[in-house]
Amino acid sequence: TELLQSERDYCKDLKVCMSTFLDDINIRNQLMNHNVDIEPLFSNLSDIIKVSTKLARSLEDSTRFEKPESQMIGRCFLNLEQEMKQAYLIYCRDHEEVPIVWEKYEENPEVKAILYKGLEKIKAETNCFDVPGILIKPVQRILKYPLLVNELVKCTDDSHPDKPDLLTATRIITEMAKSINEVKRRKDLVFKYRKETNSSFSSKISKLNLHTMKKKSSRLGFRISTTFGLSAITKDESFDNE
């Protein structure tokens, strides 16, 4: 019940936000008159809404059966694995810039007034109090799925036909969340070293301490272990090039 109801509420909030800022011609024209392109803030939110709608419908279809032994929840996630992974990976990667861009728009009183006019509409239809709070919901949701599905695993008998699918779904969604975190980590790392490109050798040395030495030695140990095939490593040519 919690999984299904929270998915409905989550999807509704995203739809209200999108219809307010992207589908409302009035607000879009007003923002365009101030040279504000708001679309990058929302990234591929439409894809997130599509996959969330599909998941909610799938959960509804499965839970329509009264008998618990007829409800197959794990399959709902397995059928949408690739769509979820693609949509959330793109969204979570792009979301990093949202708070910065939103603050920049709020610095302009006229633009801020337009944005807050839209926000009033959102407040009237949802329990959300600010737009960045809505736009971070997909990031939070993808991290919450493993917890919700794992709770179902705990209270599902081993003899239930859904148990194998639930276990597989837990593993797949957990891996999905980890890969999204890894993309974010690599992006942060690239940004950090680009920022430090022009720093002097002496300033780099001054930052060297016991903590960084431990990190570097652990990286070296990891590299040695992967070189000799003692542990797996994910190859990413674009990241290596950066």
Side-chain angles (χ1 to χ4, degrees), residues 1-20 22-23 42-95 121-129 131 133-184 232 234:
T1 301
E2 182 188 350
L3 176 59
L4 177 55
Q5 191 54 53
S6 60
E7 191 67 31
R8 285 175 179 151
D9 294 340
Y10 161 66
C11 194
K12 178 194 169 188
D13 291 348
L14 299 186
K15 284 178 178 177
V16 170
C17 186
M18 188 164 180
S19 66
T20 300
L22 296 183
D23 299 337
F42 296 87
S43 183
N44 64 327
L45 188 63
S46 59
D47 293 333
I48 298 290
I49 290 171
K50 281 177 191 172
V51 77
S52 176
T53 302
K54 286 183 181 179
L55 179 59
R57 283 176 185 163
S58 184
L59 290 170
E60 285 167 359
D61 290 342
S62 181
T63 53
R64 199 169 284 141
F65 301 104
E66 291 183 9
K67 294 181 180 179
E69 58 268 23
S70 303
Q71 297 179 358
M72 302 292 287
I73 308 299
R75 183 57 45 187
C76 299
F77 286 92
L78 298 183
N79 288 339
L80 289 169
E81 177 191 352
Q82 291 306 316
E83 282 184 67
M84 287 179 71
K85 187 172 184 179
Q86 175 114 12
Y88 279 96
L89 191 64
I90 293 169
Y91 188 90
C92 293
R93 180 198 65 200
D94 294 347
H95 182 265
K121 179 187 172 185
I122 291 172
K123 283 182 180 179
E125 297 184 45
T126 70
N127 292 322
C128 304
F129 299 101
V131 176
I134 297 177
L135 295 179
I136 200 174
K137 279 179 179 282
V139 180
Q140 296 169 332
R141 190 67 180 168
I142 193 64
L143 298 176
K144 195 172 182 182
Y145 283 134
L147 304 176
L148 290 167
V149 178
N150 193 49
E151 286 303 309
L152 284 174
V153 170
K154 288 178 186 176
C155 61
T156 302
D157 292 337
D158 291 341
S159 59
H160 195 294
D162 193 32
K163 190 66 175 269
D165 282 349
L166 283 173
L167 288 168
T168 305
T170 303
R171 177 180 57 79
I172 285 171
I173 300 167
T174 302
E175 287 173 359
M176 204 182 296
K178 281 182 180 177
S179 67
I180 288 169
N181 274 335
E182 176 64 8
V183 167
K184 180 184 178 302
T234 303

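The basis for the numbers below is simple: all heavy atoms, side chains too, and nothing from hydrogens, waters or symmetry mates. This is a predicted model, so every value here is computed, not measured.
- Contact record, G74 with L166: N-CD2, 3.7 Å, taken as the closest heavy-atom pair.
- Atom CE of M18 and atom CD1 of I48 lie 11.0 Å apart (nearest 0.5 Å).
- A salt bridge is absent between K178 and E175: the closest approach of a Lys/Arg side-chain nitrogen to an acidic carboxylate oxygen does not fall below 4.0 angstrom.
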Step by step, would you call I90 with D47 a side chain to side chain contact (heavy atoms under 4.5 Å, CB included)? CA-CA 10 Å; I90 293 169; D47 293 333; 5.6 Å; no

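- Within a 6.0 Å radius of CD in Q86, other residues, nucleotides and ligands contribute 12 heavy atoms or fewer.
- Judged by distance alone, the side chain of T168 and the main-chain N or O of P164 form a donor-acceptor pair under 3.5 Å.
- Checking side-chain atoms of T126 against main-chain N and O of I122 turns up a donor-acceptor pair under 3.5 Å.
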Which donor-acceptor pairs under 3.5 Å do side chains of residues 134-147 form with protein atoms, sequence neighbours excluded?
unit_1, atom_1, unit_2, atom_2, d
R141, NE, E7, OE1, 3.1
R141, NH1, S6, OG, 3.2
R141, NH2, S6, OG, 3.0
R141, NH2, E7, OE1, 2.8
Y145, OH, E7, OE1, 2.8
Y145, OH, E7, OE2, 3.0

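- Looking only at side-chain heavy atoms (C-beta outward), S43 and H95 stay at 4.5 Å or farther from each other.
- Of the possible donor and acceptor atoms, one in the side chain of D162 sits under 3.5 Å from a partner among the backbone N and O of I73.
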Kindly indicate, with the supporting measurements, whether the criterion side chain to side chain contact (heavy atoms under 4.5 Å, CB included) is fulfilled by K85 and I172. CA-CA 10 Å; K85 187 172 184 179; I172 285 171; over 6 Å; no

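- Going from atom CD of E60 over to atom OG of S58 covers 9.5 Å, rounded to the nearest 0.5 Å.
- Taking the side chain to side chain contact (heavy atoms under 4.5 Å, CB included) definition, one finds that Q5 meets it with R8, D9, sequence neighbours left out.
- Residue Y91 holds its OH atom at 7.0 Å from CG of L14, rounded to the nearest 0.5 Å.
- Exactly one of T53, D23, T20, L45 qualifies for a side chain to side chain contact (heavy atoms under 4.5 Å, CB included) with K15. That residue is T53.
- In this structure, L78 CG and M84 CE are separated by 10.5 Å, a value rounded to the nearest 0.5 Å.
- When all heavy atoms of L4 and A56 are compared, the pair lying nearest together is CD1-O, 3.8 Å.
- The backbone N or O of L59 sits nowhere less than 3.5 Å from a side-chain atom of S62 that would complete a donor-acceptor pair.
- Between atom CE of residue M72 and atom SG of residue C76 there is a gap of 9.0 Å, rounded to the nearest 0.5 Å.
- For the atom pair N44 CG and K50 NZ, the distance stands at 10.0 Å (nearest 0.5 Å).
- Remark: side-chain polar atoms of K12 are paired, donor with acceptor, to backbone N or O of E125 under 3.5 angstrom.
- Judged purely by atom type and a 3.5 angstrom limit, T156 has no side-chain atom pairing as donor or acceptor with the backbone of K163.
- Side chains of T174 and T170 form a contact here, defined as non-hydrogen atoms less than 4.5 Å apart.
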